[in-house]
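Order of the sequence lines fixes the chain letters, A, B, ..., with proteins taken first and strands second; residue numbering starts at 1 for each chain. Just so we're clear, the structure is a prediction, and the values are computed from it rather than from any experiment.
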Amino acid sequence: AQSVTQLGSHVSVSEGALVLLRCNYSSSVPPYLFWYVQYPNQGLQLLLKYTSAATLVKGINGFEAEFKKSETSFHLTKPSAHMSDAAEYFCAVSEGDGGNNRLAFGKGNQVVVIP
Amino acid sequence: KAGVTQTPRYLIKTRGQQVTLSCSPISGHRSVSWYQQTPGQGLQFLFEYFSETQRNKGNFPGRFSGRQFSNSRSEMNVSTLELGDSALYLCASSLGGGAGANVLTFGAGSRLTVL
């Protein structure tokens, strides 16, 4: 069964500094990988997805993630943090073949941006 | 176009009662998934419906049930509520068919408090 590990429930980053959120996955088949962001009192919004087309995936709001099969990782980065990036971020994996939308989520990273 | 709509947004129930939550997917989306989000367990998959049929089910007791109507709207029901059922219940819709990853679009959630 697929699973996701996100270390460090709370991540503090200075405004303008690099944002790096780590995600490692476990999957028995080539996975589909996703990063979602959740703002307070809201649902989850898709940041980006990996579907095997390219290992470096660019998403919204300046975020990108790199799929590394050898490391079973899909880390999320943003070169320069903005105050509006303060939110909770979730990595998710799906073994879906198009007929299976079941996602397994990591525990999430609460990002705090320090002015 | 309209997003995923969940009602009610907030509700308070007492132990032993039952609750029904509603989800209207994006127009044209045939798959509806439900997730439970709690501080302790994170995001956990409840079930997925596609074309009125339950296609996937998570590891929740039988008190949790759902259904999907011909217009793709979905409801989930929790009977004999327990304190531990207090959570944010998220609904997500997707096109649901075909090959490749199906991106889930989430609603804002229904926050259930059980007293």
Side-chain angles (χ1 to χ4, degrees), chain A residues 1-10 21 23 25 27 29-54 57 59-60 65 67 74 87-110, chain B residues 3-7 9-10 21 23-26 29-51 53-60 68 72 74 88-111:
Chain A
Q2 68 267 36
S3 66
V4 170
T5 301
Q6 290 180 252
L7 297 178
S9 60
H10 286 76
L21 303 180
C23 172
Y25 69 90
S27 176
V29 299
Y32 298 113
L33 295 159
F34 306 83
W35 276 98
Y36 282 88
V37 61
Q38 185 177 34
Y39 297 99
N41 298 316
Q42 295 186 27
L44 278 69
Q45 179 183 3
L46 179 70
L47 279 176
L48 48 80
K49 64 178 182 180
Y50 167 75
T51 59
S52 78
V57 182
I60 63 171
F67 172 71
F74 190 56
E88 191 156 21
Y89 293 79
F90 295 92
C91 181
V93 63
S94 169
E95 294 179 349
D97 57 3
N100 180 355
N101 282 328
R102 180 173 184 161
L103 292 180
F105 285 89
K107 292 293 188 183
N109 295 121
Q110 184 68 53
Chain B
V4 178
T5 303
Q6 292 189 245
T7 56
R9 286 294 312 279
Y10 302 90
L21 308 178
C23 174
S24 293
I26 290 173
H29 284 193
R30 297 167 62 192
S31 168
V32 174
S33 302
W34 289 89
Y35 289 80
Q36 182 196 64
Q37 185 177 24
T38 61
Q41 299 299 316
L43 283 152
Q44 293 185 286
F45 173 77
L46 280 157
F47 29 63
E48 181 205 1
Y49 288 86
F50 179 76
S51 293
T53 301
Q54 187 179 85
R55 188 160 68 173
N56 284 291
K57 189 178 189 302
N59 297 322
F60 278 82
Q68 187 179 34
S72 293
S74 177
L88 180 66
Y89 290 88
L90 292 165
C91 167
S93 75
S94 73
L95 291 170
N102 285 284
V103 174
L104 302 187
T105 302
F106 284 82
S110 293
R111 184 166 296 280

**OP:** Go through the steps to decide whether Val57(A) and Phe67(A) satisfy the test side chain to side chain contact (heavy atoms under 4.5 Å, CB included), and finish with yes or no.
**Re:** CA-CA 8 Å; Val57(A) 182; Phe67(A) 172 71; 6.0 Å; no
Subject >> Contact origin within Leu104(B) toward chain A - heavy atom pairs under 4.5 Å >> reply: both
Subject >> Contact origin within Gln37(B) toward chain A - heavy atom pairs under 4.5 Å >> reply: side chain
**OP:** Please state whether the side chain, the backbone, both or neither of Gln38(A) comes within less than 4.5 Å of a heavy atom of chain B.
**Re:** side chain
Subject >> Choice from Ala92(B), Gly42(B), Gly107(B) maximising heavy atom contacts with chain A below 4.5 Å >> reply: Gly107(B)
**OP:** Heavy-atom distances under 4.5 Å only: say whether Leu44(A) touches chain B with side chain, backbone, both or neither.
**Re:** both
**OP:** For the residue pair Tyr35(B) and Phe106(B), categorise the inter-ring angle as parallel (less than 30°), tilted (30 to 60°) or perpendicular (more than 60°).
**Re:** tilted
Original post:
Which atoms of Tyr89(B) come close to chain A, meaning under 4.5 Å heavy atom to heavy atom: side chain ones, backbone ones, both, or neither?
Top reply: neither
Original post:
So, does Thr5(B) use its side chain to make a donor-acceptor pair with the main chain of Ser24(B) at under 3.5 Å?
Top reply: no
Original post:
Looking at side-chain heavy atoms only, is the closest gap between Phe74(A) and Trp35(A) below 4.5 Å?
Top reply: yes
Original post:
Would a distance-only check, ignoring hydrogens and angles, find a side-chain to backbone donor-acceptor pair under 3.5 Å from Gln36(B) to Gln44(B)?
Top reply: no
